[in-house]
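First up is the structure itself, then whatever we jot down about it.
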Amino acid sequence: MLSQERAPIYEALQEFEKKRVVPFDVPGHKRGRGNPELASLLGEKCVRMDVNSMKPLDNLCHPVSVIREAEELAAEAFGAAHAFLMVGGTTSAVQAMVLSAVKRGDKIILPRNVHRSVMGAMVLCGAIPVYVDPDSDKSLGIPLGMRLRDVEKAIRENPDAKAVLVNNPTYYGICSDICGITKLAHEHGMLCLADEAHGTHFYFNGRLPVTAMEAGADLAAVSMHKSGGSLTQSSLLLAGPNVSEGYVRQIINLTQTTSGSYLLLSSLDISRRNLALRGEEAFGRVMGLAEYARDEINAIGGYRAFGRELVNKDSVYDFDVTKLSVHTLDIGLAGIEVYDLLRDEYDIQIEFGDLGNILAYLSIGDRPRDVERLVGALSEIRRRYQKSKAGLMRQEYIEPQVAVSPQEAFYADKEMLPIDETKGRICSEFVMCYPPGIPILAPGEKITGQILAYIKYAKEKGCSMTGPEDPDIENLNVLK
C-alpha cells in the first residue's frame, strides 16, 4: 500500500548520512572536503548529499528499490500508470516523450508554438512535423491553442501520422481541448503527447484545467521545478497504461545521464510529497493571489492583465489563472522593456518579457507582499516611462514555410551568410527568444522578410536571443 507521506529517496539519504561512509567513489569533491569554496557556497549538508549511485540508494538507469518506490508514488500522485524521475530538465522529458512515440520518417502533428525541446527531438529522431497553426489573439499578439477542427483536419489529411502533441498549457496559460484532441488521436490509432512543462499544478487542484493524464493522454512531460517546487532541472515524465514502461525507460537512457544527481532526485521526491499532501490548499492560495494581482494591475490603467475572459471553448478551451500575463504595449513599452526596468530599477525578476507582454510566474513560494511590490513597481513604471506606442511592433504568430525536415536541414551541407542576405533561403539552425524558447525559425524553414524584420526588432528591444552558431546573430547558417 503506497503512502504519499513517504519520501523514499529522502529517507534513504538520511539513513546513508548516519553511516559516515568513507568515499572511495565519485564525485571527487568527497563530500565537499576537496572543494571548500563550493561547500561554503552550498552548505556542508548539501555537498554531503551529493553522492553517487550505490546499492542502498538505487540507480536511476535501472531502479529497483528507493527510486522505484519514489516513481510509483509519483505515478499515483499524478494519476499516471508510470512515472519517470528526470534530472535533465523538462527538455530531457519532452525529448524522451517524442522519441518514444516517433522515429525517422514518422509524422507528428503539433502546433508550431512548441518549445525548442520538441524541435530538438525531431532533429534527433528524424520525425516529420505536421503543423497545426494555432489561432492568435491580435490585440495581445500571442498564439492561442489548437482548434479541435484544425487537429481533425490535420489527422484526416495525414492518417499515417503516429502522434499528436499538445501544449497543456502554453507559457501564457492557454489550454487547448486536450480531452477532445486525445479522443481524436486515439480514434485514429495515434498517441497523444502533452507538453505540461507549465501545468504541474493542474494535478493538485480541481479548479484548474484538466490534466493530460485525466484526459487519457499517453505521455506527458511535467516540469516539477517550475510550479511544483523542486530544484531547477528536475522533472517528471508520466505515462498512461497503453505505453510500454520498459521501452520508455530505454529511450530515456539513450540521453539521460548515468550519474543522476541525488540533490535533484530527492527534491522531486520531497516536492511530490508536499504537493500530494498540501497541493490543493497551496494552489488555491496561488490562484487567489494571481486574481488579486490581475485586478490590481488592471486598475492601474494602460496594462492588460488577461485571464479567463479569453476562454471561448475553441482556440482557448480553458485558461490557467495562476499565470500572471500582462500586455504592455498600451503604455508605449515592449514587454521586454518592462522586464528590464523591473529588474534594473526595482530588483524584481519576472519570468520573461516578449515584444508585447510580460509574465510573472506565481507559485507556492510567493507572498502577498511580493505581489504588492510588483504592482507598485508596474504603477511607477507607467508613471515614469509611459510614452506613445507609435512605432512599436505587435508580436504576432508567423506561419512557418517548411521546406525540409528539421533533421535533414540541421545536418545538411550549409553556408553561413550575413543575416540580411538570407531572405528566401532555407534555415539550418534555430533562432529564438529565450525565454519562452519558442523558435522564430527552426531548421528546414524558409527565411522570409517578415521573419528577418521580427528578429531585427527583437534584438533592438533587448530580447535575449539564442540558437544560431553565431552568438551575435549577425549571420545565419542556410542550406547550400
Side-chain angles (χ1 to χ4, degrees), residues 88-89 91-92 94-134 143 154 157-158 160-165 193 195 251 254-256 397-434 436-456 458-459 463-480:
T91 289
S92 177
V94 166
Q95 292 182 344
M97 174 173 72
V98 174
L99 268 60
S100 296
V102 289
K103 58 184 183 297
R104 183 174 176 82
D106 287 345
K107 293 179 183 175
I108 178 170
I109 296 167
L110 69 166
R112 177 56 178 77
N113 59 320
V114 290
H115 188 262
R116 63 178 293 175
S117 58
V118 178
M119 302 292 194
M122 288 188 286
V123 168
L124 292 172
C125 72
I128 310 298
V130 175
Y131 292 126
V132 175
D133 290 321
E157 291 176 353
N158 299 273
D160 54 340
K162 301 298 183 184
V164 180
L165 185 143
L193 318 179
D195 182 347
I251 295 292
L254 290 177
T255 58
Q256 183 161 255
Y397 170 74
I398 302 173
E399 184 177 339
Q401 297 181 32
V402 181
V404 298
S405 76
Q407 185 184 64
E408 183 182 347
F410 189 83
Y411 291 111
D413 290 337
K414 64 196 74 172
E415 61 180 332
M416 183 177 284
L417 294 178
I419 191 167
D420 292 334
E421 298 176 17
T422 60
K423 182 178 176 181
R425 302 293 292 269
I426 307 303
C427 192
S428 70
E429 55 190 354
F430 293 98
V431 183
M432 72 203 81
C433 296
Y434 195 89
I438 298 167
I440 301 165
L441 273 171
E445 294 177 359
K446 188 175 182 180
I447 302 168
T448 65
Q450 185 184 18
I451 287 171
L452 292 176
Y454 188 101
I455 292 171
K456 181 180 179 182
K459 286 176 65 179
C463 288
S464 177
M465 303 196 74
T466 66
E469 185 178 337
D470 175 8
D472 296 323
I473 317 184
E474 300 293 339
N475 304 280
L476 283 180
N477 282 324
V478 297
L479 270 61
K480 285 187 174 180

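A pairwise comparison of heavy atoms in L476 and L441 identifies CD1-CD1, 4.2 Å as the closest pair. Closest non-hydrogen pair, I398 versus Q450, comes out as CG2-OE1, 3.7 Å. Scanning all heavy atoms of the two residues, the minimum distance from A412 to L479 falls at CB-CG, 4.1 Å. A pairwise comparison of heavy atoms in P406 and P129 identifies CD-CD, 3.5 Å as the closest pair.
To the nearest 0.5 Å, atoms CD1 (I451) and CD1 (I440) are separated by 8.5 Å.
Side chain of S92 to main chain of Q256: no donor-acceptor pair is present (N/O by atom type, distance under 3.5 Å, no hydrogens or angles).
Looking at T422 and D420, their side chains never come closer than 4.5 Å, going by heavy atoms from C-beta outward. Under the 4.5 Å side-chain criterion, counting only non-hydrogen atoms from C-beta, M432 is not in contact with I438. For the pair P443 and F430, the minimum side-chain heavy-atom distance is below 4.5 Å.
A salt bridge between E157 and K107 is absent, with no side-chain N of the basic residue lying under 4.0 Å from a carboxylate O of the acidic one. A salt bridge between K414 and E469 is absent, with no side-chain N of the basic residue lying under 4.0 Å from a carboxylate O of the acidic one.
K456 is linked by a salt bridge (Lys or Arg N to Asp or Glu O under 4.0 Å) to nothing, counting only residues two or more places apart in sequence or in another chain.
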Please list every donor-acceptor pair under 3.5 Å in which a side-chain atom of residues 109-125 meets a protein atom from a residue at least two apart or in another chain.
unit_1, atom_1, unit_2, atom_2, d
R112, NE, E445, OE2, 2.9
R112, NH1, P439, O, 3.1
R112, NH2, P439, O, 3.2
R112, NH2, E445, OE1, 3.0
R112, NH2, E445, OE2, 3.4
H115, ND1, S117, N, 3.0
H115, ND1, S117, OG, 3.0

